[in-house]
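Okay, so here's the structure we're looking at.
Numbering starts at 1 and runs along the sequence shown.
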Amino acid sequence: MQLKALLSVLPDVEIHGDANQEISGVCIDSRQVKSGDLFIAVKGTQTDGHAYIDKAVAAGAAAILQSEPLSDTPADGVVRARTADTEIAAGIVAHRFFGEPTRRLKLVGVTGTNGKTTIATLLYHTFRAFGYKCGLCSTVCNYVDDTEVPADHTTPDAVTLNRLLGQMADAGCEYAFMECSSHAIHQHRIAGLTFAGGIFTNLTRDHLDYHKTFENYRDAKKAFFDSLPAEAFAITNADDRNGSVMVQNTRATVRNYSTRAMADFRGQILEESIEGMLLQIDGREVSVRFVGRFNVSNLLAVYGAAVMLGRERDEVLRVLSSLHPVNGRFEAIRSPKGFSAIVDYAHTPDALENVLTAINEIVRGRAQVITVCGAGGNRDKGKRPLMAQEAANRSDRVIITSDNPRFEEPQDIINDMLAGLNEEQRAKTISIADRREAIRTAAMMAQPGDVILVAGKGHEPYQEIKGVKHHFDDHEEIRAAFGLPQE
């Protein structure tokens, strides 16, 4: 594509040099630049891409897009272009370069603190069950129809994301479903994309190490709905007090869902066990293989989005009844000795509360709930004591252990969690820094009928320690502790 055509999508671009030359690729990482590429210098949270312009030129870049003022065209012959904000421009330019994929497929974004992965993944499986080719961009994995593409971030950088969406459109995908993290929204990684719809799940404390205040975190999520086009839909959780805030300035068609009150999409639990639930959704009964009120909310979001995308309600419910839980989200493993373990990604106080509430509603005091949990290092320290409190309030026994300590000492993180407990809560709590040993100890404590919650890592097959990811899978560790063969 010619540089002139590529940059024509920007409203305020200044160009020094010949803009008629062909561009073979778009990069925001100087280490990935190849001959003929356009390098976009973005001022990120860690580094400033302007400091790497010379490296990009040396690697063969044909043109540079920057936000810093331009001088005369340099003797190296590389075209220089300037726009006010390259962070926003990166997504817009990448979307153009990869063939404007969101004009060729319907893209639905899911944002909120908890439930993003489950909702996006279930929508992907739902529409594949309808017979469509679909794409998925999630924390666990990305898919171009049925081809797996490993995921490194909840939402990739703007260039990677548009390349992925371009692959989906080129492969004939008619729909794509993606998680939209607060980081990605705030950093404009989704700039330039056209969404057919957006879903809000809930909002609780998370990522305050980045956003600093809850209000900033909330406003980052809200910005996604503010930017939706008038022809899109916005589905919000009426059970969350922030749900109405998210859509108060949107141009999209607004719908809501609820497990407690009247709503456009309403659901309630009729029966529940560790294997699943019998639900009533819009007056229709449906059996699902999911557990917990929070999963009713997730399923209502999927149901609502499918209806808004034109599917018949009965057809959607039929597919929902056949779906399985997402990897690392309330996955049950049974011990031959009569107790069970639940693997869940819960890594916020609210998520821990939701999962433990669901478990307690099933157990109903007839057996013990044993919780194994920790907190991530180099992240929001304020939620650590809150997580310990939620675990102690809703469990009979608690084992505080390591999660991903990153560059912190595991015992320091554990101490931060223990500091939130009163004397009564401490009496039911022990700490074991070694996560493998903590899981084994929980298995030794358990009696028939008990439920062990192993929370925090879910789908992650590693522990991150001092910058190195070591293989560690909660599923494998539980099966080993239970004396079960590995799958």
Sub-3.5 Å donor-acceptor pair from the side chain of [X] to the main-chain atoms of [Y], do we have one?
X    : Y    : value
E464 : K469 : no
E476 : Q486 : no
D240 : N202 : no
R311 : A306 : no

Query raised in the report: Given Y303, which of N298, D282, T126 fulfils the side-chain hydrogen bond (donor to acceptor under 3.5 Å, both in side chains) condition?
Result: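 Looking at N298, D282, T126, the match for Y303 under the side-chain hydrogen bond (donor to acceptor under 3.5 Å, both in side chains) is D282.
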Query raised in the report: Can you name the one residue among R440, R435, K457, R436 that meets side-chain hydrogen bond (donor to acceptor under 3.5 Å, both in side chains) with E477?
Result: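 Among R440, R435, K457, R436, the one meeting side-chain hydrogen bond (donor to acceptor under 3.5 Å, both in side chains) with E477 is R436.
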Requested in this report: Kindly confirm or rule out a cation-pi arrangement of K133 over Y175, judged by NZ or CZ under 6.0 Å from the six-membered ring centre and within 45° of its axis?
Outcome: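 No, cation not above the ring by the 6.0 Å, 45° rule.
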Query raised in the report: Does R255 make a cation-pi contact with F233, if we ask for NZ or CZ under 6.0 Å from the ring centre and within 45° of the axis?
Result: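 Verdict for F233: no cation-pi partner in R255.
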Query raised in the report: For the residue pair F224 and F200, is the inter-centroid distance of their aromatic rings smaller than 6.0 Å?
Result: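 No, too far apart.
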Query raised in the report: Around atom NZ of K466, are there more than 12 heavy atoms of other residues, nucleotides or ligands at under 6.0 Å?
Result: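 Yes, the 6.0 Å shell around NZ holds more than 12 heavy atoms from other groups.
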Query raised in the report: In terms of heavy-atom contacts, does NZ of K106 have more than 12 from other residues, nucleotides or ligands at under 6.0 Å?
Result: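 Not buried by this count: 12 neighbours or fewer within 6.0 Å.
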Strictly by modelled atom types, are [X] and [Y] linked by a side-chain donor-acceptor pair under 3.5 Å?
X    : Y    : value
N360 : T357 : no
N354 : N114 : no
N242 : K222 : no

Query raised in the report: Aromatic rings F482 and F339: how do their planes relate, parallel, tilted or perpendicular, breaks at 30° and 60°?
Result: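 Perpendicular, since the angle between the ring planes exceeds 60°.
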